[in-house]
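Numbering of ligands and ligand atoms starts at 1, following listing order.
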Amino acid sequence: RQLLWPRDRSLPPEVFHWIPIVGSAITYGNDPLGFFFKCREKYGDVFTFILFGRKVTVALGPKGNNFVLGGKSTFFSAEDAYTHLTTPVFGKDVVYDVPNDVFMEQKKFVKVGLSVDNFRAYVNMIEEEVELFMQTDSAFLTYQMNNINEWGCFDAADIMSQITILTASRTLQGKEIRDNLDKSFSDLYAALDGGFTPINFLFPNLPLASYRRRDEAHKKMSDFYVDIIRKRKGTFDDAQDMIGALRSQRYRNGRQLEDHEIAHIMIALLMAGQHTSSATGSWALLHLADNVQAQESLYKEQVEYFGNSDGTFREMSYEEMRRLPILDSVIRETLRIHPPIHSIFRYVRTDVAVSPTLSAPAEDNTYVVPKGHYVLASPAVSQVDPKIWSNPHIWEPTRWSDPEGVAAEAFKTYMDENGEKVDFGFGAVSKGTDSPYQPFGAGRHRCIGEQFAYLQLGTILATIVRKVEVRLEPGCSFPEHNYHTMITMPKKPRNIRYRRRALD
Ligand code: HEM
């Protein structure tokens with residue numbers, strides 16, 4: 001049909017495919033960025049592809065990001081795109097299970113729990129958790145043996161995933177979750193996580209055992225949180241964690257959050273922060289292992305700011321953490337090449353006009369994206385676009401901190417044209433919807449966990465680098481992206497060799 005039928009010129013061009021319904025699902029699923037770059041060459045910045053029967057219109061580049069992420073929620077809906085995936089996992093009455101204005105109120109409640117006061121308390125808790133992990137987990141056996149000449153080895157993603165959940169539960173999630181982490185809670189988390197996959201997104205109603213396990217795990221986890229909330233009632237609750245913050249909040253109409261709403265928001269935060277942060281931490285550690293110069297600069301920064309004269313380190317404070325240019329640029333650069341979320345979807349609620357070049361104003365708006373399509377933004381594409389960045393695929397943290405850095409100039413120029421101030425400080429790069437750099441998204445659905453993620457990742461990386469040197473395994477190349485998981489992970493092997501530093 002595609003070959004014989006002239007295409008409807010009011011619609012964006014459709015990516016050629018042989019198999020109806022399946023469409024471009026396989027090519028997209030294996031390598032979404034490669035697929036987008038190829039389609040851009042052939043069709044331009046706006047095109048539609050078929051994804052198991054769904055029509056997905058992609059809008060690329062900073063203007064494409066702006067079109068999708070800056071679009072009005074009456075046109076583009078996140079809840080219609082995601083609720084079938086998220087509601088069975090997070091639960092009823094929160095996030096995409098409620099109208100957008102209610103969710104926006106819930107996001108404000110969460111922001112109260114992400115306060116600077118709480119963050120101040122978290123830095124040392126995270127440091128302690130990482131130290132305890134390194135002193136006790138078998139992956140760090142040679143470190144524990146105190147021998148500075150012995151190399152050990154661990155899987156970057158396995159280690160990071162454990163450290164991430166330990167540190168998130170010690171801080172945001174709260175004492176009760178941390179205390180149960182070695183017990184029932186981690187099994188529930190694993191079962192719930194098994195229901196948060198691309199398969200669940202694409203096929204919400206399959207009769208699979210994993211779907212049943214997901215539903216059972218959700219019920220038990222929800223009950224677990226509700227039980228914590230009930231036990232806290234009647235006690236003086238000064239916990240500097242998210243449950244404490246949510247318990248004190250009221251909707252605009254004066255209603256307090258119900259216990260199950262708090263429970264479900266806590267599950268949503270657990271799921272939103274776990275893989276995103278642990279994937280970023282894994283990529284950062286792998287790059288540091290691969291780039292000894294960057295690793296040593298990071299270590300020296302720690303010595304300069306926190307080193308005692310006897311070779312030990314003093315504790316970090318939140319205020320100091322915010323002013324470490326090398327640590328900051330290591331995380332920032334890692335998120336540029338490895339943003340955990342490669343595709344951001346919205347459901348199209350009403351026909352929307354768009355120009356093929358995504359230019360405004362609307363005179364050359366020759367395409368209509370029809371109601372019922374999905375639109376897709378991929379900031380991951382603009383973050384490695386050679387039109388914007390020099391050497392886009394090279395991990396080069398200095399591009400953020402050094403005015404002569406390889407791409408800082410191009411990026412600054414781009415931002416200046418749009419009148420946005422570029423401040424290379426902690427978490428302060430433009431948050432505009434047309435920024436080429438959006439690892440945390442943009443617009444009304446922008447991430448609220450960014451500051452926490454920087455704090456968590458920064459403290460974890462700094463603590464590890466203070467204690468051990470890391471290297472890639474000899475003969476192993478840098479891992480490729482695995483796009484088959486919800487969050488872009490490093491493919492195996494992703495082993496890191498480490499050796500205790502003499503000065504620890
Ligand atoms: C939204 C990325 C960590 C909570 C988002 C979005 C992105 C993102 C791209 C936008 C999704 C969309 O527009 O559909 C990241 C990255 C992280 C991270 C890269 C870490 C490196 C966290 C953490 C939390 C969190 C730690 C919780 C403490 C949220 C929430 C939303 C969100 C609540 C809002 C969803 C919405 O409004 O629809 N994140 N995130 N994230 N994230 Fe994060």
Test ring pair (Phe, Tyr, Trp, His ring centres under 6.0 Å) on Y122 and Y318 and set out the steps. CA-CA 8 Å; Y122 292 169; Y318 176 63; 9.4 Å; no

What residue and atom, counting heavy atoms only, is the protein's closest point to atom 4 (C) of ligand 1, and at what distance? A272 CB, 3.6 Å

R446 backbone acceptor or donor facing K107 side chain under 3.5 Å: yes

Identity and separation of the nearest protein heavy atom to atom 27 (C) of ligand 1: L269 CD2, 3.9 Å

Between E79 and ligand 1, which part of the residue brings a heavy atom under 4.0 Å of the ligand: side chain, backbone, both or neither? neither

Should F36 and Y28 be marked as a ring pair (Phe, Tyr, Trp, His ring centres under 6.0 Å) after you check the CA-CA gap, both sets of side-chain angles, and the distance that decides it? CA-CA 8 Å; F36 291 150; Y28 164 73; 5.7 Å; yes

Is there a heavy atom in P340 that sits closer than 4.0 Å to ligand 1? yes

In the protein, which heavy atom is nearest to atom 31 (C) of ligand 1, and how far is it? C447 CA, 4.1 Å

Name the closest protein heavy atom to atom 26 (C) of ligand 1, giving the residue it belongs to and the distance to 0.1 Å. G273 CA, 3.5 Å

Heavy-atom contact under 4.0 Å between Q438 and ligand 1? no

With only distance considered, is S277 within less than 3.5 Å of ligand 1 through an N or O on each side? no

Pull out every atom of ligand 1 sitting under 4.0 Å from any heavy atom of I341, numbered as shown with elements. 2 (C), 7 (C), 8 (C), 9 (C)

Atom 10 (C) of ligand 1 - nearest protein heavy atom and its distance: H445 O, 3.5 Å

Is the closest basic N to carboxylate O distance between R40 and D385 below 4.0 Å? yes

Taking N66 for the side chain and P62 for the main chain, is one N or O donor matched with an acceptor at less than 3.5 Å? no

Atom 21 (C) of ligand 1 - nearest protein heavy atom and its distance: T280 OG1, 3.5 Å

Check each of Y96, F345, F440 against atom 6 (C) of ligand 1 and report the one with the nearest heavy atom. F440

How close does the nearest protein non-hydrogen atom get to atom 18 (C) of ligand 1, and which residue and atom is it? T276 OG1, 3.5 Å

Contacting atoms of ligand 1, where contact means under 4.0 angstrom from a heavy atom of R346: 12 (C), 13 (O), 14 (O)

Select one of side chain, backbone, both or neither to describe which atoms of K107 lie under 4.0 Å from any atom of ligand 1, heavy atoms only. side chain

Any donor-acceptor pair under 3.5 Å linking the side-chain atoms of D97 with those of H264? no

Does a salt bridge link K492 with D158, judged by any charged N lying under 4.0 Å from a carboxylate O? no

For the residue pair R346 and F67, would you count it as a cation-pi contact if the rule is NZ or CZ under 6.0 angstrom from the ring centre and within 45 degrees of the ring axis? no

Any Lys/Arg nitrogen of D80 or R349 sitting under 4.0 Å from an Asp/Glu carboxylate oxygen of the other? yes

Atoms in ligand 1 flagged as close to I344, the criterion being non-hydrogen separation under 4.0 Å: 12 (C), 13 (O), 14 (O)

Polar side chain donor-acceptor pair, N65 to S382, under 3.5 angstrom: yes

Check whether any heavy atom of E450 sits under 4.0 Å from an atom of ligand 1. no

Hey, which atoms in ligand 1 end up nearer than 4.0 Å to a heavy atom of I448? 30 (C), 33 (C)

Can a salt bridge be assigned to the pair E333 and R336 using a cut-off of 4.0 Å between side-chain N and carboxylate O? yes

Considering non-hydrogen atoms only, spot the tightest contact between Q106 and D93 and give its length. NE2-O, 3.1 Å

Which atoms of ligand 1 have any heavy atom of Y82 under 4.0 Å away? 14 (O)

Closest protein heavy atom (residue, atom, distance) for atom 2 (C) of ligand 1: P439 O, 3.5 Å

Tell me whether the guanidinium CZ or amine NZ of R214 lies under 6.0 angstrom from the six-membered ring centre of Y211 and within 45° of its axis. yes

Could you tell me, atom by atom, which parts of ligand 1 come under 4.0 Å of a heavy atom of L172? 28 (C)

